[in-house]
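Below is one structure, written out as structure tokens; the observations come after it.
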Amino acid sequence: MTENVWTRWPSQEALGREGLSRPRRLLGWGVRLLVVGMLLWGAVHNRHVHAWPAVAAAAGVLAAAALAWAFFRTTLAHRLWPSLGLLTVLFGVGAAAQAGDFKVPGLVIWCGCAVAALQRLPLAAATPVAALALTTYAVVDDDRWLTTVVTTIGLALAGYVLRLDADARGNAQRLLAQERAAHAAEAESAALAERARIAREIHDVLAHSLSAQMVHLEAARLLIERGADREQILQRVVAARRMARDGLAETRQALSALRGELTPLEEFLSELVEANAGAEVTVSGERRPLPAEASQAVRRVAQEALTNVRKHAAGAKVRVRLDYGEHQVVLDVSDFGGSPGELTGAGGGYGLLGMRERAELLGGSLEAGPREEGFAVTLKVPV
């Protein structure tokens with residue numbers, strides 16, 4: 001709901017000094033000091049007033065300056081009645097100046113009240129205050145009527161123009177603050193997204209590496225329980241050690257990927273199947289670089305699928321097929337001819353669940369399930 005323009009206060013950004021340039025602030029203070037100096041000069045050097053009344057008049061000018069400062073503070077806090085009370089006291093100071101034959105200071109105080117009210121109060125309160133102050137000025141002023149009328153209209157316009165200028169500055173300050181907040185939120189969101197991406201990459205690398213190590217260590221444990229010979233147990237331990245070393249290499253590769261230093265995907269898949277006996281890889285479609293997230297998803301799914309083959313289908317033949325489509329890349333890892341491994345019941349399927357979540361974050365999909373000849377994992381990622 002739009003706030004009523006007559007009852008709306010100028011914003012605190014408009015009433016404050018924030019956003020004012022240094023030259024403009026200096027100019028404002030210069031004008032204020034000039035006005036106070038002129039009032040003091042007029043009070044002290046009035047030829048019709050003796051010493052003590054002149055001192056009293058100077059004290060009145062300083063009191064008026066203090067009241068004006070208090071008025072600026074109460075309007076900044078949007079306190080209507082204290083602001084109107086201070087203006088009333090300033091009116092009284094102006095009337096006292098007129099009664100004491102200090103005509104110019106009184107007129108200046110009334111004109112200042114009119115301009116300040118139009119600039120800093122809601123229009124519903126500023127309009128009658130300014131009208132009263134300018135009417136009093138017009139009645140008391142002994143200049144020609146045309147000069148008085150022009151001065152009155154000019155002061156009213158000056159007050160309203162200052163109000164519009166302050167509103168424009170306040171709006172600019174609010175927009176600047178909103179823009180800064182939006183930039184800060186965007187930077188924070190980007191930082192959180194990057195942290196999540198790094199955490200996901202490290203998690204996937206460690207999950208794959210540790211899962212592979214678990215396969216061999218669990219197998220070593222089973223061999224020990226069955227009383228197998230030392231050579232068989234040693235093979236499993238050596239394999240676990242190799243997996244640990246490979247995990248470190250994969251971690252370094254993941255960090256390189258986060259820096260944008262990815263090895264070609266086809267080369268990665270070839271190296272991956274070389275470490276798995278009975279696996280082969282085929283690539284179809286027009287080969288092209290993939291976005292970092294899509295490339296990492298293909299790599300992690302291929303690693304996880306091959307790890308699952310070693311765990312659940314010992315000795316199986318594995319086919320890894322990578323197809324570059326026009327709008328998506330498809331990775332299919334299928335196995336056939338294997339027998340249930342010693343660790344078929346190990347794990348809870350969390351690796352593929354994480355890969356599925358990764359694919360969905362990229363707008364793709366992951367399907368995993370049995371086929372006629374074995375088990376298959378199919379990843380589709382839009383590119």
Side-chain angles (χ1 to χ4, degrees), residues 204-205 207-216 218-219 239 242-243 246-247 250 253 262-288 290 293-383:
D204 290 344
V205 169
H208 168 73
S209 175
L210 294 176
S211 176
Q213 292 177 55
M214 186 194 72
V215 171
H216 293 286
E218 184 68 12
R242 184 179 68 250
M243 288 299 174
D246 293 344
E250 289 174 10
Q253 186 179 38
L262 287 170
T263 58
L265 183 56
E266 300 83 5
E267 180 181 338
F268 173 84
L269 293 177
S270 298
E271 293 175 356
L272 189 64
V273 298
E274 285 178 4
N276 293 268
E280 60 180 23
V281 60
T282 58
V283 180
S284 60
E286 182 180 354
R287 303 186 184 187
R288 60 185 184 277
L290 299 179
E293 286 286 341
S295 179
Q296 284 295 92
V298 172
R299 295 164 194 257
R300 296 293 168 254
V301 169
Q303 287 177 324
E304 182 66 26
L306 289 174
T307 299
N308 286 342
V309 170
R310 290 195 299 269
K311 289 171 60 176
H312 305 297
K317 300 293 185 181
V318 183
R319 291 176 182 171
V320 179
R321 183 174 62 86
L322 179 66
D323 177 50
Y324 288 94
E326 183 177 358
H327 302 294
Q328 68 177 4
V329 62
V330 179
L331 174 72
D332 184 85
V333 181
S334 58
D335 64 82
F336 58 94
S339 58
E342 296 174 325
L343 302 178
T344 297
Y350 296 114
L352 288 177
L353 178 61
M355 295 300 101
R356 181 174 288 108
E357 292 175 352
R358 176 191 284 267
E360 291 174 353
L361 286 175
L362 298 175
S365 63
L366 185 139
E367 298 178 358
R371 289 184 181 175
E372 294 181 359
E373 298 181 346
F375 195 88
V377 176
T378 303
L379 170 70
K380 297 180 181 180
V381 180
V383 293

Nearest 0.5 Å please: distance from the [atom1] atom of [X] over to the [atom2] atom of [Y].
X: L331; Y: R321; atom1: CG; atom2: CZ; answer: 9.0 Å
X: L290; Y: L322; atom1: CG; atom2: CG; answer: 7.5 Å
X: E286; Y: R288; atom1: CD; atom2: CZ; answer: 6.5 Å
X: L269; Y: E280; atom1: CG; atom2: CD; answer: 13.0 Å
X: Q296; Y: L362; atom1: CD; atom2: CG; answer: 10.5 Å
X: R299; Y: L265; atom1: CZ; atom2: CG; answer: 5.0 Å

Residues two or more places apart in sequence or in another chain: which of them pass side chain to side chain donor-acceptor pair (under 3.5 Å) with [X]?
X: E357; result: none
X: T378; result: D332, R371
X: S284; result: D323

Legend entry - Under 3.5 Å donor-acceptor, R356 side chain and L366 backbone: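 Side chain of R356 to backbone of L366: a pair is present.
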For the student: nearest non-hydrogen atoms of [X] and [Y], plus distance:
X: V381; Y: A294; result: CG1-CB, 3.7 Å
X: A368; Y: V377; result: CB-CG2, 4.1 Å
X: R319; Y: F336; result: NE-CE2, 3.5 Å

Inset, instruction - Applying side chain to side chain contact (heavy atoms under 4.5 Å, CB included), name anything that partners E267, two or more places apart in sequence or on another chain. - result: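 Residues passing side chain to side chain contact (heavy atoms under 4.5 Å, CB included) with E267: P264, E271.
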Inset, instruction - Could I get the full list of side chain to side chain contact (heavy atoms under 4.5 Å, CB included) partners for Q328, not counting sequence neighbours? - result: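 Expected list: V330, K380.
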Inset, instruction - Could you walk me through whether V333 and V301 pass side-chain contact (heavy atoms from CB on, under 4.5 Å), step by step? - result: CA-CA 9 Å; V333 181; V301 169; 5.5 Å; no
